[in-house]
There are 2 protein chains.
Amino acid sequence: MPERQSSRKDAIRNRKAVLAAADALFTRRESPEDVTMADVAAAAGVGKGTLFRAFGDRAGLLRALYESRLEPVGQAIETGPPPLGPATPPRERVPALLDAVLCFKLDNRRLALALEEDGSGSPYRAEHYERWHGLLRAVLEQIPGLTDSGFTAHALLAATRADLVEHLVREEHLARESMRQQLAHFVTKVLASGPPPQGPADEE
Amino acid sequence: MPERQSSRKDAIRNRKAVLAAADALFTRRESPEDVTMADVAAAAGVGKGTLFRAFGDRAGLLRALYESRLEPVGQAIETGPPPLGPATPPRERVPALLDAVLCFKLDNRRLALALEEDGSGSPYRAEHYERWHGLLRAVLEQIPGLTDSGFTAHALLAATRADLVEHLVREEHLARESMRQQLAHFVTKVLASGPPPQGPADEE
DNA sequence: GTCGAAACGGACCCTGGGTCCGGATTCTTT
DNA sequence: AAAGAATCCGGACCCAGGGTCCGTTTCGAC
C-alpha cells in the first residue's frame with residue numbers, strides 16, 4: 001500500500017537507485033537470502049527508512065524488481081508475434097508460453113528464487129503467478145478435449161518452479177537447451193492425449 | 001550431526017515429548033511459521049537447549065517428524081501389496097505412487113509446508129525428496145518408450161508440492177477426491193503418449 | 001525568500017533461531 | 001550404597017535481520 005509514487009525528484013532518483021542496487025546485488029550474490037535489506041540500502045547509498053517507505057517491505061522490493069524484468073516478456077505475450085503472441089493456435093502457444101517462463105526463470109534465477117521462497121504468503125497468491133496461471137488456463141481451455149485446465153495449468157507451471165530450475169542447473173548440471181527440450185517434450189505429452197472427440201481416450 | 005541417540009531415559013522421554021508436542025502444534029496452528037521453537041519447547045515442558053541438542057536445528061526437528069509420519073507409507077511402497085508395492089507393473093505403479101504422495105501431503109499439509117519452505121536449502125536437497133525422486137525415476141525407466149525419466153519424475157512430483165496442494169485446498173476449495181482424480185488424469189496423460197513402439201510419436 | 005509538506009536516514013526495537021554453562025540426573029564401578 | 005564421571009537439563013543470553021520512529025533536510029509552490 002505505500003506504493004503510490006511521489007513526484008519529488010529525490011524520491012524518484014532514490015527509487016531508481018534502490019532498484020538498480022538491488023538488481024546488481026541479487027545477480028551478484030550466490031544465494032538470495034544473504035542479500036539483506038541493509039545491504040541494499042547501503043549499496044544504493046540510501047537509508048533503510050527510504051527503502052522501506054518506497055517499497056513497503058522486502059517482498060515489495062522483490063516484486064517491483066520482478067515486474068520490471070518481466071515487462072518485456074509480458075509485452076511479447078500480449079501483443080507480440082507468434083509463437084508467443086495471441087494469434088498463435090493454442091497447441092503451439094502453450095509450449096511457447098512454458099518455454100518463455102522457463103527461460104525467464106533461467107535468466108533470473110536468483111530473483112525468482114528469492115521471490116518464491118520469501119515466506120510471506122505462498123507464491124500462489126502473488127499476482128504475477130495468477131497472471132501466468134490465468135493466461136495458461138485460458139489457452140488450455142481452447143484445446144478441444146482437454147479437461148481440468150485449471151489443475152493442468154498449475155501442474156505445468158510447477159515444472160518451472162524456481163527452486164527446481166535452480167536444482168537442475170546447480171546439482172544436476174543440466175544445460176539450458178536440454179532443460180528446454182525436456183520441458184517441451186513433457187508439455188507435448190500432456191497436450192498430446194487430449195483425445196480429439198473420438199480418439200482412444202483414457203478412462204478410470 | 002547431533003542425531004546419535006542417547007540411552008539415558010530422560011533424554012529419550014524428552015525426545016518423545018518434543019516430537020509429540022511439535023506434532024500437535026503443527027497440526028493445530030494455522031500457519032507453520034508461527035509455531036516457533038520456543039513454543040515447541042514450552043509445549044513439551046522442556047528447555048530450548050534440550051530441543052536443539054536433540055534435533056540440531058529447526059530443520060532437523062521437521063525432518064524427524066516428517067520421517068516418522070512417512071514410515072508407514074515407506075513400508076507400503078517397499079514391501080507392500082499392489083498397487084503400491086514393488087510387484088506392480090510400472091504403468092500402474094506410477095499413478096499409485098503419486099497418489100500416495102498427494103494423499104500424504106494432504107494429510108500432513110502443515111508439516112510438509114513447513115519442511116518445504118524453511119529456507120535452509122531447497123527442498124530438492126532433502127533426502128526424502130531424493131528417495132521419492134529416485135524411486136519414481138526408476139519406475140519410470142521401466143516404461144518402454146518413455147524418455148527423460150529424471151526430468152519427468154521431477155515434473156510429476158512438482159505437481160504435488162505442498163504449497164500448491166495447500167493453495168488448491170484453501171483458495172480454490174478443491175476437494176480431496178477431485179484433486180486425486182485430476183492428478184491421476186494428469187499422470188495418465190504423461191504416461192499415455194509413451195508411444196508403443198510404432199505409435200504416432202512426436203519429434204523435434 | 002519563506003513556509004508547509006513530504007522524504008531522508010540511521011538509531012532503535014523486536015522476534016525468533018541458535019548457543020552457553022552452572023546445576024541436576026543418570027549410569028558405572030566397586 | 002555411595003561416589004564419581006559422563007551426560008543431560010533449561011533458561012538466560014547472543015545475534016542477525018526485518019521493520020519502525022522521529023528529528024532533520026530537501027523540495028516545490030507561492
>> Whole angstroms only, please: what is the CD-P distance between A:Glu33 and C:dG17?
In response: 15 Å
> At under 4.0 Å between heavy atoms, what does B:Thr50 touch on the DNA or RNA strands: base, sugar-phosphate, or nothing?
Replying inline: base
>> Rounded to whole Å, please give me the gap between CZ in B:Arg13 and P in C:dT25.
In response: 11 Å
>> Whether the A:Glu172 and A:His167 side chains hold a donor-acceptor pair (N or O, under 3.5 Å, no angle test) is what I'd like checked.
In response: yes
>> If you only use heavy atoms from C-beta on, which nucleotide in C:dG18, D:dC27, D:dC8 is closest to the side chain of A:Lys9?
In response: D:dC27
>> Measure CG/A:Asp57 against C1'/C:dC14 and give the value in whole Å, please.
In response: 17 Å
> Given D:dG18, C:dC8, C:dG16, which nucleotide is nearest the side-chain atoms of B:Thr36?
Replying inline: C:dG16
> OP1, OP2 of D:dC9 versus side-chain N and O of B:Asn14: anything below 4.0 Å?
Replying inline: yes
> Are the side chain of A:Ser178 and the backbone of A:Leu174 linked by a donor-acceptor contact shorter than 3.5 Å?
Replying inline: no
> Considering all heavy atoms of both residues, which atom of B:Ala54 and which atom of B:Arg15 are nearest to each other, and what is their separation?
Replying inline: O-NH1, 3.4 Å
>> If you assign each of B:Asp10 and B:Arg58 to its closest nucleotide in DNA chain C, which residue comes earlier from the 5' end?
In response: B:Arg58
> Whole Å only: how far is the CG atom of B:Leu51 from the P atom of C:dC20?
Replying inline: 17 Å
> Among the nucleotides D:dC8, D:dG18, C:dC8, which one has an atom lying closest to any side-chain atom of B:Arg53?
Replying inline: D:dC8
>> I'd like to know if A:Lys48 reaches the base of D:dG19 with its side chain, counting only an N/O donor and acceptor under 3.5 Å.
In response: yes
> Only one of B:Asp99, B:Val73, B:Leu111, B:Thr160 clears side-chain contact (heavy atoms from CB on, under 4.5 Å) with B:Phe104; which?
Replying inline: B:Val73
>> Pairing donors with acceptors under 3.5 angstrom, does anything connect the side chains of B:His154 and B:Tyr129?
In response: yes
> Nearest to the side chain of A:Met37, which nucleotide is it out of D:dG18, D:dG10, D:dT26?
Replying inline: D:dG18
> Quick one: on DNA chain D, does A:Val35 or A:Gly49 contact a more 5' nucleotide (nearest heavy atom)?
Replying inline: A:Val35
>> Taking the minimum atom-to-atom distance to the side chain of B:Phe52, which one of C:dT19, D:dG19, C:dG9 wins?
In response: C:dT19
>> Rounded to whole Å, how long is the line connecting atom CZ of B:Arg29 with atom P of C:dG16?
In response: 10 Å
> Just how far, in rounded Å, is P of D:dG17 from CG of A:Leu61?
Replying inline: 16 Å
>> Measure CG/A:Asp39 against P/D:dG17 and give the value in whole Å, please.
In response: 8 Å
> Can you tell me how far P of D:dG10 sits from CZ of B:Phe55, to the nearest Å?
Replying inline: 14 Å
>> Students often get this wrong, so: under 4.0 angstrom with heavy atoms, is B:Arg8 touching a base, only sugar-phosphate, or nothing?
In response: base
